[in-house]
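Ligands are counted one by one from 1 in listed order, and the atoms in each one are counted from 1 as well. All heavy atoms count here, side chains included; hydrogens, waters and symmetry mates do not.
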Amino acid sequence: MRRRLIAGNWKMNGSREALAELDGIAAAAGAAPDVDVAICPPFTLIERAAARVPSLPIGAQDCHAAPNGAHTGCVSAGMLVEAGEKLVIVGHSERRADQGETDAQVKAKAEAAIAAGLIAIVCVGETEAQRDAGEAETVVCTQLRGSVPVAGGDVLVVAYEPVWAIGTGRIPSMTDVSAMHAAIRADLVDMLGAERAETVRILYGGSMNAGNAADLLAVPNVDGGLVGGASLTAAAFVPIIEAAAG
Ligand code: PGA
């Protein structure tokens with residue numbers, strides 16, 4: 001049985017004052033012992049966040065594939081571990097679009113993260129044009145095969161995030177979510193073998209909120225959520241944790 005994971009992605013949002021939101025989030029996480037909850041703030045808030053709520057796993061939104069070296073502006077997985085991190089998001093569509101990250105780079109980052117002892121959340125997802133062209137499953141499964149390292153269990157998480165659903169308030173139909181998560185699971189079985197593939201959690205991400213979380217989490221193979229906007233406040237995020245616990 002896979003434990004549900006609800007992970008918040010603060011993106012380039014948050015401040016020291018905003019860390020007060022973590023108190024309510026950590027309390028809700030404590031009241032939901034069967035659900036894993038995590039928050040991924042910007043790099044600059046990681047150490048403070050980890051110190052403020054030691055019971056709540058804190059994650060990052062990216063890491064470099066190399067352990068150290070001449071990579072101005074980058075942060076390695078080992079540095080994240082030292083800062084108190086437990087997990088890291090890699091290959092988010094905003095990084096694939098803004099920084100031109102390729103599947104091979106995403107895979108190298110995920111491998112580095114896992115080697116350093118972090119859980120890697122590998123993101124995949126199609127654009128609206130790709131879905132309209134009937135290419136969504138092909139695009140997502142190609143990303144998956146190129147970006148997912150050969151690892152299973154708790155260390156590997158896949159997040160299906162349709163690009164057109166991120167921050168838009170729109171979500172796919174439950175039928176489409178179900179079909180995509182089943183396709184991802186089938187590909188994971190092919191890549192990792194059935195036993196390992198069954199242990200990998202597949203999150204849904206893209207406009208998940210208090211109103212739709214219960215429906216999304218009831219879809220087979222949806223093992224949790226990667227939540228952007230609705231993770232910024234305890235008021236918005238706690239109902240999603242409760243839906244996962246419910
Ligand atoms: P959203 O973002 O919940 O604000 O749509 C999700 C994500 O990009 O991870």
Side-chain angles (χ1 to χ4, degrees), residues 4-14 18 21 25 28 35-43 45-46 49 57-63 85-101 106 109-110 113 118-128 130-131 136 139-140 143-144 147-148 156-174 176-177 180-181 184 201-217 219 222-244:
R4 282 179 167 167
L5 169 62
I6 303 294
N9 172 12
W10 278 14
K11 308 191 180 186
M12 199 171 73
N13 297 296
E21 299 293 335
I25 292 169
V35 180
D36 291 336
V37 179
I39 288 285
C40 303
F43 287 132
L45 296 176
I46 286 170
I58 299 299
Q61 303 165 18
D62 180 47
C63 69
E85 297 273 352
K86 299 285 186 272
L87 66 158
V88 61
I89 299 166
V90 293
H92 191 281
S93 61
E94 286 152 16
R95 293 198 59 85
R96 289 179 186 263
D98 296 353
Q99 273 78 31
E101 287 186 7
V106 173
K109 289 175 181 218
L118 295 168
I119 293 171
I121 302 180
V122 182
C123 302
V124 293
E126 82 285 358
T127 64
E128 184 151 39
Q130 288 164 336
R131 175 158 288 275
V139 166
V140 167
Q143 285 179 354
L144 190 76
S147 342
V148 165
L156 177 64
V157 177
V158 172
Y160 168 55
E161 298 204 302
V163 176
W164 52 273
I166 294 175
T168 60
R170 296 161 57 207
I171 60 169
S173 71
M174 297 304 146
D176 286 347
V177 173
M180 188 63 83
H181 280 241
I184 292 170
R201 288 173 286 187
I202 308 174
L203 312 184
Y204 168 81
S207 297
M208 185 182 266
N209 59 38
N212 60 29
D215 287 345
L216 285 162
L217 292 166
V219 174
V222 174
D223 304 310
L226 183 54
V227 184
S231 71
L232 293 173
T233 62
F237 197 50
V238 167
I240 300 175
I241 298 169
E242 289 169 349

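When side chains are defined from C-beta on, Ile39 does not count as touching Glu21, because their heavy atoms never get closer than 4.5 Å. Counting heavy atoms from C-beta outward, Asp223 and Leu5 have side chains that stay 4.5 Å or more apart. Proximity of Cys123 to Ile89: side-chain heavy atoms (C-beta onward) are separated by under 4.5 Å at one or more points. With a 4.5 Å cut-off on side-chain heavy atoms, Arg131 and Met180 count as touching.
Distances below 4.0 Å separate heavy atoms of His92 from the following atoms of ligand 1: 7 (C), 8 (O), 9 (O). Remark: ligand 1 atoms within the under-4.0 Å shell around heavy atoms of Gly229 are 1 (P), 3 (O), 4 (O). Residue contact check: Ile166 has heavy atoms under 4.0 Å from atoms 2 (O), 5 (O), 8 (O) of ligand 1. Set against the non-hydrogen atoms of Asn9, the atoms of ligand 1 under 4.0 Å away are 9 (O). The Glu161 neighbourhood of ligand 1 comprises atoms 6 (C), 7 (C), 8 (O), 9 (O), with distances under 4.0 Å to a heavy atom of that residue.
Considering both main-chain and side-chain atoms, Ser207 comes within under 3.5 Å of ligand 1 through a nitrogen or oxygen pair. By the 3.5 Å distance cut-off applied to N or O atoms, Ala230 is not counted among the residues near ligand 1. In terms of polar-atom proximity, Gly206 is not counted as a contact of ligand 1, lacking any N or O under 3.5 Å from an N or O of the ligand.
A donor-acceptor distance shorter than 3.5 angstrom exists from the side chain of Gln61 to the backbone of Lys11, with no hydrogens or angles considered.
For Gly205, the heavy-atom gap to ligand 1 stays at 4.0 angstrom or more.
Closest to atom 3 (O) of ligand 1 among all protein heavy atoms lies Gly228 N, 2.8 Å. Nearest non-hydrogen protein atom to atom 2 (O) of ligand 1 is Lys11 NZ, 3.3 Å.
Between Tyr160 and Tyr204, the ring-plane angle classifies as perpendicular under the 30° and 60° cut-offs.
Glu101 pairs with exactly one of Arg95, His92, Arg96 by the side chain to side chain donor-acceptor pair (under 3.5 Å) rule, that one being Arg95. When each of Val227, Leu216, Thr168 is checked for a side chain to side chain contact (heavy atoms under 4.5 Å, CB included) with Ser207, only Thr168 meets the rule.
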